[in-house]
Every structure is written in C-alpha cells, then in structure tokens.
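A quick write-up on the structure given underneath.
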Amino acid sequence: MASKLLVSAGYPLYTVSCVREGEFVIGGGGGPSKTGVPNGLEIHRVVVSKDDGKKIIGLQGEQLAHFDTRSSAVMNCSVSATGRTIACGLDEHCRLFKVSHEGGVKSKSPYLHVEEGPLAVTDFTKKYPLQKVVRLNPDGSLIATGGADGKVRLWKGCVDRSSL
C-alpha cells in the first residue's frame, strides 16, 4: 500500500477524523509539560492536482483552521454530521468546538473559524483521569465518552444545539 504525505503538524498526532468529503481534522500535542511542543486542533482539506488529461498528479493538505488548545493535547475527537461541531478529549475533559466559515455562512472563503465551546469533566479516575474516546451519534444529539475510569457516559442534547 502506498502513502502520500498530506500534512506535517509539528507536534505528535493522537487523532484524525473526517469532517466531510475532502476535509479532515487532526489533533494532538505535547500536553501540559513545558517542553515547547504545542497543542492544537486543525482542519485541513485535500487539494487534488490534475494534469491536462485530468489524471491526478498530486495531493496535498491545505490548512483551513487552527485552534491552540493551550496546555491540553487533543487525544481524541469526533465530528458531527453537519461538520459544525467537534467533540474533543482533552485530559479528563470533553470540549466542544463550533466550526463556522470565516466571513459568515455565505462567504466564498474556504477558511474556517473554530470557537471554543462548553467543557465538561468526563473521567473521574482519582490518580490519572483521562478521556480515552468520544463519539457523536449520526444526528449529533448525543455524545458518548469513555475514560480511564472504565465508564461510558452519554451526554444528551449538546451537539449543534445546547451545551454539554
């Protein structure tokens, strides 16, 4: 199987998820340690280059948005079917991020704006709490989180609607 390098983030990656056709989210980082390794969430799209005969001659990733998650590495994520909400595991928390087009809905700009949304503790392990996984249901009305405490929790009515 052949591979093609699309993106080099500059920090360790822990999650990759499709947003919609041709777009993907990456997240990761160095965590809370003060090593200088950044933490972040990014949205990219795949840019396809074709020759005159319409044969694909190249692929590359174009960054559409970047959000600095400060002292928390993005360890896992899930994207709503609309692509407007991303749920991310940050240490023992789940944070929602709202995604919109720069310049508004009717903007022709391909670039996106990422806004920090609600945050909730989702893992209650005493020693090393860590949200290990998050998933959104297809209509985006529920979030399921799982953590180091071995518990799956369901969060209702929070995606693309109200708060976590």
Side-chain angles (χ1 to χ4, degrees), residues 6-46 61-102 104-105 110-164:
L6 291 178
V7 172
S8 181
Y11 50 79
L13 294 177
Y14 298 109
T15 187
V16 177
S17 187
C18 292
V19 176
R20 52 188 151 249
E21 188 173 334
E23 293 181 1
F24 58 97
V25 174
I26 62 173
S33 61
K34 302 202 183 323
T35 60
V37 177
N39 298 303
L41 176 71
E42 299 177 11
I43 302 172
H44 294 262
R45 75 171 169 186
V46 178
E62 177 185 18
Q63 187 179 84
L64 301 179
H66 172 82
F67 190 88
D68 181 356
T69 56
R70 297 180 293 283
S71 65
S72 296
V74 177
M75 301 304 290
N76 50 75
C77 75
S78 185
V79 182
S80 69
T82 64
R84 294 186 332 219
T85 301
I86 303 171
C88 293
L90 306 164
D91 301 321
E92 74 273 21
H93 299 96
C94 183
R95 177 168 304 274
L96 297 182
F97 292 90
K98 295 291 183 185
V99 179
S100 60
H101 282 277
E102 282 188 3
V105 174
Y111 299 103
L112 302 171
H113 174 70
V114 177
E115 181 180 333
E116 217 167 23
L119 176 76
V121 174
T122 59
D123 184 83
F124 298 92
T125 303
K126 299 254 188 263
K127 193 168 183 180
Y128 298 111
L130 186 63
Q131 178 183 300
K132 296 284 197 174
V133 64
V134 61
R135 290 294 178 265
L136 301 172
N137 74 333
D139 76 357
S141 62
L142 299 171
I143 295 177
T145 61
D149 63 2
K151 308 278 194 286
V152 174
R153 291 181 173 81
L154 198 58
W155 306 82
K156 184 177 176 188
C158 48
V159 179
D160 291 340
R161 291 181 182 84
S162 61
S163 63
L164 187 61

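Scope of the values below: all heavy atoms of this structure, side chains included, with no hydrogens, waters or symmetry mates.
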Could you give me the CA-CA distance, side-chain angles and deciding distance for Tyr14 and Val74, then say whether side chain to side chain contact (heavy atoms under 4.5 Å, CB included) is met? CA-CA 7 Å; Tyr14 298 109; Val74 177; over 6 Å; no
Are Leu41 and Thr15 close enough, and set up right, to give a side chain to side chain contact (heavy atoms under 4.5 Å, CB included), and what steps lead you there? CA-CA 9 Å; Leu41 176 71; Thr15 187; 5.9 Å; no
Before giving the answer on side chain to side chain contact (heavy atoms under 4.5 Å, CB included), spell out for Tyr11 and Glu42 the whole-Å C-alpha distance, their side-chain angles and the decisive distance to 0.1 Å. CA-CA 12 Å; Tyr11 50 79; Glu42 299 177 11; 3.0 Å; yes
side-chain hydrogen bond (donor to acceptor under 3.5 Å, both in side chains) between Gln131 and Asn76, worked out: CA-CA 8 Å; Gln131 178 183 300; Asn76 50 75; 3.0 Å; yes
For side chain to side chain contact (heavy atoms under 4.5 Å, CB included), just list the numbers for Val25 and Val79, CA-CA rounded to whole Å, side-chain angles, deciding distance to a tenth of an Å, and then say yes or no. CA-CA 8 Å; Val25 174; Val79 182; 4.0 Å; yes
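In this structure, CG on Leu96 lies 6.5 Å from OG1 on Thr85, to the nearest 0.5 angstrom. A distance of 10.5 Å separates CG in Leu112 from CD in Gln63, rounded to the nearest 0.5 Å. Note that CZ of Arg20 is 8.5 Å distant from OG of Ser80, once rounded to the nearest 0.5 Å. Between Phe124 atom CZ and Glu92 atom CD the span is 9.0 Å, to the nearest 0.5 Å. To the nearest 0.5 Å, atoms CG (Leu142) and CH2 (Trp155) are separated by 12.5 Å.
Between Gly30 and Ala73, the shortest heavy-atom contact is N-CB, 4.5 Å. Between Val19 and Gly83, the shortest heavy-atom distance links the atoms CG1-CA, 4.0 Å. Gly10 and Pro38 get closest at one heavy-atom pair: O-CD, 4.2 Å. Closest of all the heavy-atom pairs between Gly40 and Thr69 is N-OG1, 3.4 Å.
Arg153 places no side-chain N or O within donor-acceptor distance of the main-chain N or O of Gly146, the cut-off being under 3.5 Å. Of the possible polar contacts, one joining the Asp149 side chain to the Lys151 backbone as a donor-acceptor pair under 3.5 Å is found. Arg95 places no side-chain N or O within donor-acceptor distance of the main-chain N or O of Gly89, the cut-off being under 3.5 Å.
For Glu62, the side chain to side chain donor-acceptor pair (under 3.5 Å) partners at least two apart in sequence or on another chain are Arg45, Tyr111. Here His44 pairs with Phe24 under the ring pair (Phe, Tyr, Trp, His ring centres under 6.0 Å) rule; sequence neighbours left out.
No side-chain donor from either of Asn39 and Ser72 sits under 3.5 Å from a side-chain acceptor of the other.
A salt bridge links Glu116 to Arg70: at least one charged side-chain nitrogen sits closer than 4.0 Å to a carboxylate oxygen.
Sequence neighbours left out, not one pair with a member in residues 117-137 passes salt bridge (charged side-chain N to carboxylate O under 4.0 Å, His left out).
Side-chain contact between Val134 and Ile143 is present, with heavy atoms from C-beta onward closer than 4.5 Å. Between Phe97 and Cys88, the closest side-chain pair of non-hydrogen atoms falls below 4.5 Å. The shortest side-chain heavy-atom distance between Ile43 and Ile86 falls under the 4.5 Å cut-off. Using a 4.5 Å heavy-atom cutoff, the side chains of Thr125 and Leu130 are not in contact.
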